[in-house]
Amino acid sequence: MSLSQMQVFNQYIMPATIETLAQMVDKFNTASNGAFRLTTEGFDGDFFQESFFASVHAAQRRVDRYASNGSASATDLTQNLANAVKVAGGFGPIRFEPSQLTWLNKPTAEGIEVASRNFAEAMLKDQLNTAIAAAVAATRNQAGAWYSAGSGNEITQNAINSGHALFGDASSRIVADVMTGATFHKLLGQNITNANNLFVAGDVTVVDILGRAIVVTDAPALSFTESSVDYDAVLGLADSAAIVYDAGDVVSNIETTNGKLRIETTMQVDYSFGLRLKGYSWDAANGGKSPTDAELATGTNWDKCVTSIKDTAGVVIIGEA
């Protein structure tokens, strides 16, 4: 592989990555019933802020036509603010020797295809895991948004149904459940059948069970330990519960250096994406800018900005592993 060929590799690898990601996003959005919306739209700066009018349903009152005509208390029309936050990530550096490709007589196009597919799947996994971690944290921080299967009990279909019931008459808004592979197979072991694969990307699988989409992925936030007890979590998510904005600012750099027995090339990539949770606002004062994984997975950094739990991202069901 000559130096001029290395420049071609550097020029074309990142556009291929972006296009492949967009294709997988389209399939994932459709298969998960829109609970996760991974979009190639981006935004400038640290936060994306959106204002909306607060509910005025509480202004409704009963009127006695025969009573004296006294004064009525006024309800002010107010606006609330919802924040999405930008998250930064990176790959590499990845090291390889240019002579490896020439030794194997591999075409440049093959290297581009393999690298772009792996980057795209890794970016999708990062975006999904981050959205799941934030959703688990936000819902666990709201007393009316989480359901416990009880001490010593694992997650069952009945527990998931009880979790959905936290939305009351709006439970039909929950369009997908997110769980680990272990939890999924426990449910299958409880005679839950009729599962059909809809979409697979890397180790992320989406299936359909009993009319609701089930997103099966071993996201770290869906398994955790507290007080020496292992727990599993299932997220019941509404439409557009989590929106990921691909900022489109993928920056790559490839450097070839001398000084060793063989020439080495390193590749490093920076990227970012925005994250929004339905019914929650990122707390810019507490969570800050360019947050870490730990900050994104802290429930108090996601402030509920709507009145009712029914208007939020969804619920979380917790059981012992």
Side-chain angles (χ1 to χ4, degrees), residues 24-25 27-39 121 124-142 145-149 154-167 171-188 190 192 195-224 230-244 275-280 293 296-297 299 302 309 312-319 321:
M24 290 195 297
V25 163
K27 291 179 181 179
F28 189 86
N29 287 344
T30 302
S32 63
N33 282 350
F36 289 107
R37 295 195 179 274
L38 306 177
T39 172
E121 290 185 355
L124 173 62
K125 183 177 179 180
D126 181 27
Q127 292 171 342
L128 180 60
N129 283 349
T130 302
I132 289 174
V136 169
T139 51
R140 286 193 69 196
N141 194 49
Q142 298 298 323
W146 64 273
Y147 175 84
S148 173
E154 63 183 18
I155 293 176
T156 63
Q157 185 69 14
N158 285 336
I160 293 175
N161 182 61
S162 296
H164 292 175
L166 295 173
F167 261 37
S171 62
S172 61
R173 296 180 185 177
I174 298 176
V175 297
D177 290 307
V178 186
M179 64 187 68
T180 65
T183 301
F184 172 66
H185 286 286
K186 286 180 183 178
L187 294 175
L188 289 181
Q190 297 164 13
I192 295 179
N196 301 303
N197 286 334
L198 297 181
F199 171 58
V200 177
D203 55 3
V204 176
T205 305
V206 180
V207 299
D208 183 26
I209 293 180
L210 300 179
R212 275 194 175 93
I214 306 294
V215 180
V216 181
T217 180
D218 289 334
L222 297 177
S223 300
F224 56 92
D230 295 330
Y231 293 96
D232 291 325
V234 171
L235 278 172
L237 297 180
D239 180 65
S240 301
I243 300 178
V244 174
L275 177 62
R276 175 192 297 277
L277 294 182
K278 183 177 183 180
Y280 296 94
D293 287 339
L296 289 164
W302 294 98
I309 287 293
T312 63
V315 298
V316 63
I317 301 94
I318 299 172

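Everything quoted here is computed from the prediction, not taken from an experiment.
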Q) Can any side-chain N or O of Trp302 pair as donor or acceptor with the backbone N or O of Leu296 at less than 3.5 Å? A) yes
Q: Considering non-hydrogen atoms only, spot the tightest contact between Ala176 and Ser32 and give its length.
A: CB-O, 3.7 Å
With a 3.5 Å cut-off and sequence neighbours excluded, list the donor-acceptor pairs that the side chains of residues 235-242 form with protein atoms.
| from | atom 1 | to | atom 2 | distance (Å) |
| --- | --- | --- | --- | --- |
| Asp239 | OD1 | Arg37 | NH2 | 2.9 |
| Ser240 | OG | Arg37 | NE | 2.7 |

(Q) Counting C-beta onward and ignoring hydrogens, is there a side-chain heavy-atom pair between Ile214 and Met179 closer than 4.5 Å? (A) yes
Q) Any chance CG of Asn141 has more than 12 other-residue heavy atoms, nucleotides or ligands included, within less than 6.0 Å? A) yes
Q. Is there a side-chain contact between Leu166 and Ile309, using heavy atoms and a 4.5 Å cut-off?
A. no
Q | Validation row: Thr130, Leu275 side chains within 4.5 angstrom (heavy atoms) | A | yes
Q. Can you tell me how far CG of Asp232 sits from CD1 of Ile155, rounded to the nearest 0.5 angstrom?
A. 5.5 Å
Q: Would you check if Tyr147 and Val315 make a side-chain contact, meaning some heavy-atom pair closer than 4.5 Å?
A: no
Q | Shortest non-hydrogen contact from Ala131 toward Leu277 | A | O-CD2, 4.4 Å
Q: Measure the CG-CD1 distance between Leu187 and Ile160 for me, rounded to the nearest 0.5 Å.
A: 4.5 Å
Q) Once you round to the nearest 0.5 Å, how far does OG1 of Thr180 lie from NZ of Lys186? A) 7.5 Å
Q. What are the two closest non-hydrogen atoms of Val175 and Ala35, and how far apart are they?
A. CG2-CB, 4.0 Å
Q.
Working to the nearest 0.5 angstrom, can you tell me the gap between Ile174 CD1 and Asn33 CG?
A. 12.5 Å
Q. Looking only at heavy atoms, what is the nearest atom pair of Ala233 and Val316, with distance?
A. CB-CG2, 4.0 Å
Q | Side-chain heavy atoms of Val215 within contact of Ile132, under 4.5 Å | A | no
(Q) Nearest 0.5 Å, please: how far is CZ in Phe224 from CD1 in Ile318? (A) 4.5 Å
Q | N/O donor-acceptor pair under 3.5 Å between Thr139 side chain and Val136 backbone | A | yes
(Q) Applying side-chain contact (heavy atoms from CB on, under 4.5 Å) to Thr312 and Tyr280, what does each step give before you reach the verdict? (A) CA-CA 7 Å; Thr312 63; Tyr280 296 94; 3.7 Å; yes
Q | Listed partners of Asp126 passing salt bridge (charged side-chain N to carboxylate O under 4.0 Å, His left out), at least two apart | A | none
Q) Hey, does the side chain of Asp230 reach the backbone of Ser223 with a donor-acceptor pair shorter than 3.5 angstrom? A) no
